[in-house]
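Have a look at the structure below, then the notes.
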Amino acid sequence: QVQLVESGGGLVQAGGSLGLSCAASGAISNINVMGWYRQAPGNQRELVATITRNRSTNYADSVKGRFTISRDNAKSTVYLQMNTLKPDDTGVYYCYAQNTYFSIHNSYWGKGTLVTVSS
């Protein structure tokens with residue numbers, strides 16, 4: 001079992017910045033992919049960014065150039081630095097991790113942290 005705990009959400013004005021952190025604990029030895037998803041009321045849950053153990057990254061088009069995902073494998077922690085925030089970035093941000101053992105994939109989710117961007 002993997003537990004994910006997010007931190008760093010809050011209220012920020014448009015154009016500002018926030019940094020999110022997610023610490024993984026438990027059966028973390030085989031975690032390959034970690035990332036962030038977000039969901040606003042009435043909207044679909046969408047991928048924001050992912051990063052592999054070897055630090056290959058992928059970003060949603062809407063956040064490219066503004067957000068940066070990174071991870072510290074020793075600390076089993078993934079980060080999301082969000083700059084030049086827009087009101088459309090508002091939502092609950094969920095940490096995601098995929099634990100792979102041979103061909104078995106297990107996905108884990110944090111409880112989410114709320115990011116509110118005011119205009």
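A distance of 9.5 Å separates CG in N30 from CG in N32, rounded to the nearest 0.5 Å. Residue M82 holds its CE atom at 4.5 Å from CG of L18, rounded to the nearest 0.5 Å.
Judged as a disulfide (SG to SG under 2.5 Å), the pairs with a partner in residues 4-119 (not counting sequence neighbours) are, in order, C22-C95. For residues 103-119, the pairs satisfying side-chain hydrogen bond (donor to acceptor under 3.5 Å, both in side chains) are Y96-S107, T100-H105, with sequence neighbours left out. Residue pairs satisfying the side-chain hydrogen bond (donor to acceptor under 3.5 Å, both in side chains) criterion with at least one member in residues 73-82, sequence neighbours excluded, are listed as follows: R71-N73, Q81-N83. Under the side-chain hydrogen bond (donor to acceptor under 3.5 Å, both in side chains) criterion, the residue pairs touching residues 52-61 are D61-K64, with sequence neighbours excluded.
Minimum heavy-atom separation, Y93 to E6: O-OE2, 3.9 Å. Listed here is the closest heavy atom pair of G35 and I69: CA-CD1, 3.9 Å. Across all their heavy atoms, I31 and A24 have their closest contact at CD1-CB, 4.2 Å. Shown here for A49 and L80, the closest heavy-atom pair between the two residues is CB-CD1, 4.4 Å.
Cluster membership for Y37 and L85, using ILVMFWY side-chain heavy atoms within less than 4.5 angstrom, is not shared. A single hydrophobic cluster is not seen to contain both V92 and V78; linkage of ILVMFWY side chains at heavy-atom distances under 4.5 Å, directly or through other members, places them apart. Hydrophobic clustering of Ile, Leu, Val, Met, Phe, Trp and Tyr side chains at less than 4.5 Å, counting indirect connections, unites L20 with F67. Under a hydrophobic-cluster definition in which Ile, Leu, Val, Met, Phe, Trp and Tyr are linked whenever side-chain heavy atoms come within less than 4.5 Å, directly or via other members, V33 and Y94 are assigned to the same cluster.
Within 6.0 Å of CD in Q13 there are 12 or fewer heavy atoms belonging to other residues, nucleotides or ligands.
Contacts of Q44 classified as side-chain contact (heavy atoms from CB on, under 4.5 Å), with partners at least two apart in sequence or in another chain: none. For E46, the side-chain contact (heavy atoms from CB on, under 4.5 Å) partners at least two apart in sequence or on another chain are R38.
A side-chain donor-acceptor contact under 3.5 Å links N99 to the backbone of A27.
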